[in-house]
There are 2 protein chains.
Amino acid sequence: MPRRDTKQKILSAALKLFRKQGFDRTTMRQIAKSAGTSLGSAYYYFPRKEALVLAYFEDQMALHEAGARAAYQTTQDPYERVLAAFMVRLDLMAQDQKFFGGLLRTLGEPDSSVSVFSEENTPLRRRGIAILREALEVPGVPEAARDDAALMLWALVLGMVLYFVHDTSEGAERTRALAGRAVGLLVPSLALLELPQAQMLRCELRSMLADAKILPDT
Amino acid sequence: MPRRDTKQKILSAALKLFRKQGFDRTTMRQIAKSAGTSLGSAYYYFPRKEALVLAYFEDQMALHEAGARAAYQTTQDPYERVLAAFMVRLDLMAQDQKFFGGLLRTLGEPDSSVSVFSEENTPLRRRGIAILREALEVPGVPEAARDDAALMLWALVLGMVLYFVHDTSEGAERTRALAGRAVGLLVPSLALLELPQAQMLRCELRSMLADAKILPDT
DNA sequence: GTTCAATATTGAACGTGTTCAAATCTCAGG
DNA sequence: CCTGAGATTTGAACACGTTCAATATTGAAC
């Protein structure tokens, strides 16, 4: 336990305020004060306001991985495994609807260090894709299709997050239902990716996404 | 021609500056000055900085519609028609890569009047979906699937825009190629939407997107 | 020309994200 | 204990998005 736990205090304070007031209505000054530190100190640890949300998202990744892996132990059905990964993600975000939009603010900033799509955050994307790929490591999914399927599922998770921040239903039940249906549509189609006709598309998709720095170079 | 054309002057000045400097690096003060008006005046016409990009996007919609319809005259092939709609969109955006991220900044703000997903901008979304649906009004596409297919294609356009702002290739050639491939994959699959099994999914998708205010209520 | 309601313009001011030089703290080494 | 390098904290200041009360303009009606 480090003597000075400032970074964690700031993040905790931020999350509490974000949950209560939302991203935009929470000021960095409030966060610093609530954390018992200065405004400059908050910026020392988090370069931008959005970085707070991103840091939280990163912290959650470990929980997501653990939760998903626990669920993977219970079933070999690809649909159920993928759905479990989606639901764990949603469970983790349950209290966070008011401020997860903050994560989306930087989507269109190719060079920003706090964009999910930035080069800096390649490891984060890699992990997000990897945990979904693990769901597909079962007999029902062709080996050759797993990488591309994981990528598609990752994009779908992003779409789900976008939908989630707009969802006004109790317990985000609409998001859950939609995710369930989307997964139910997509997962059985994975076999199509193994077809020879899809081969060229798959290679091109991967290379293009890598070039746009969305995917790690392979 | 109105005596005072301030709104248009501000928008023109903004676009010129955005193209040169990008969205974030262009200040409202610069825009107002360049338009020969005051900062407050700029805000009189555009409630937020992002509203400038949105207004431009709206203006482009008419051009998009015209361009797409012209292309639709030349072919009855659904793939070609849909692809044409996508390419017209990209042509219109060609000079705008540096600032189209500004349009994405508000994606995660459900209540913001300048979000593409906001209730205020339902007509805009409706038009975007409608022009794509027009592409599908040909014999090769089942009538029952056209609405849902148009919706999916609209989501794909959004994904394309997201990819576009990250694309570093000359003339956004990568975006073009990816769009071509994606359309080539999706359009032939439209027949699947007519299957009885897809019926329930389609109804549920529509109702959910409507409830999240992403789709117009029907 | 005058009047008046509606519209448009203005610029000072505010709030907030962010910056940064100065000061302080920490800890390992002597 | 002292020293010094590196890390951390600080708060004043800056820039910019945004606001808003006061003022000016416009155009229709008389």
Side-chain angles (χ1 to χ4, degrees), chain A residues 1-15 17-18 20-56 98-99 101-106 108-109 111-115 118, chain B residues 1-15 17-18 20-56 98-99 101-106 108-109 111-115 118:
Chain A
M1 183 65 155
R3 168 161 297 238
R4 297 189 290 189
D5 204 14
T6 310
K7 185 173 184 180
Q8 192 52 46
K9 282 189 200 162
I10 292 164
L11 185 52
S12 297
L15 294 176
L17 287 164
F18 286 156
K20 188 175 165 191
Q21 305 172 168
F23 183 78
D24 288 326
R25 286 209 182 73
T26 302
T27 68
M28 292 297 282
R29 286 165 175 83
Q30 286 175 319
I31 292 167
K33 184 173 180 183
S34 181
T37 192
S38 69
L39 187 55
S41 198
Y43 277 101
Y44 180 76
Y45 291 100
F46 300 96
R48 279 179 65 175
K49 194 175 173 185
E50 290 85 10
L52 289 156
V53 189
L54 187 64
Y56 173 59
K98 271 188 178 169
F99 73 91
L103 194 65
L104 302 175
R105 283 179 65 94
T106 52
E109 296 178 31
D111 301 321
S112 163
S113 66
V114 291
S115 163
S118 73
Chain B
M1 183 67 155
R3 171 161 295 236
R4 297 190 289 192
D5 203 14
T6 308
K7 185 173 184 179
Q8 192 52 46
K9 282 190 198 161
I10 293 165
L11 184 53
S12 297
L15 293 174
L17 288 164
F18 286 156
K20 188 175 165 191
Q21 304 172 168
F23 183 78
D24 287 327
R25 284 207 183 77
T26 301
T27 69
M28 293 297 283
R29 286 165 175 82
Q30 285 175 320
I31 291 165
K33 184 174 180 183
S34 180
T37 191
S38 69
L39 186 55
S41 199
Y43 277 102
Y44 181 76
Y45 291 100
F46 299 96
R48 278 179 67 175
K49 194 175 174 185
E50 290 85 8
L52 289 156
V53 189
L54 187 65
Y56 173 59
K98 270 188 181 171
F99 73 91
L103 194 66
L104 303 175
R105 284 178 67 93
T106 53
E109 296 177 31
D111 301 321
S112 163
S113 67
V114 290
S115 162
S118 72

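These numbers were taken from a predicted model, which means no experiment stands behind them. The chains referred to below are lettered A, B, ... by the order of the sequence lines, with proteins before strands, and numbering in each begins at 1.
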C:dT16 C1' sits how many Å from A:R105 CZ, rounded? 12 Å

Which nucleotide sits closest to the side chain of B:L39: D:dT18, C:dT18, D:dT8? D:dT18

Lys NZ or Arg CZ of A:K98 over A:F23 ring: under 6.0 Å, within 45°: no

Residue closer to the 5' end of DNA chain C, A:S41 versus B:T6 (nearest nucleotide): B:T6

Over how many whole Å does the gap from B:Y43 atom OH to C:dA8 atom P extend? 19 Å

Below the 4.0 Å mark, does D:dT18 have OP1 or OP2 next to a side-chain nitrogen or oxygen of B:R48? yes

For A:S41, is there any backbone N or O sitting under 3.5 Å from a side-chain donor or acceptor partner on A:S38? yes

Rounded to the nearest 0.5 Å, what separates atom CZ in B:R48 from atom OG in B:S112? 4.5 Å

Is any side-chain heavy atom of A:V114 less than 4.5 Å from a side-chain heavy atom of A:R105? no

Specify the separation, in whole Å, of atom OH of A:Y45 and atom C1' of D:dT10. 13 Å

Donor-acceptor side-chain pairing of A:E109 and A:S115 below 3.5 angstrom: no

Name of the residue among B:L52, B:I31, B:T6 meeting side-chain contact (heavy atoms from CB on, under 4.5 Å) with B:L11: B:L52

Can you tell me the distance, in whole Å, between the OH atom of B:Y44 and the C1' atom of D:dA24? 13 Å

Assigned partner base of D:dC30, Watson-Crick or wobble definition, under 3.5 Å: C:dG1

If you measure from OH on B:Y56 to CZ on B:F18, what distance do you get to the nearest 0.5 Å? 11.5 Å

Return the value, rounded to whole Å, for the distance between atom CZ of A:F46 and atom C1' of D:dT8. 14 Å

Of the nucleotides C:dG17, D:dT10, C:dT10, which one has an atom closest to the side chain of A:K49? C:dG17

In whole angstrom, give the distance that lies between atom CD of B:E50 and atom P of D:dC16. 16 Å

Just to be sure I understand the geometry, which residues of residues 24-34 of chain B put a non-hydrogen atom under 4.0 Å away from DNA chain D? B:T26, B:T27, B:M28, B:R29

Options C:dT10, D:dT18, D:dT8, nucleotide nearest the side-chain atoms of B:T37: C:dT10

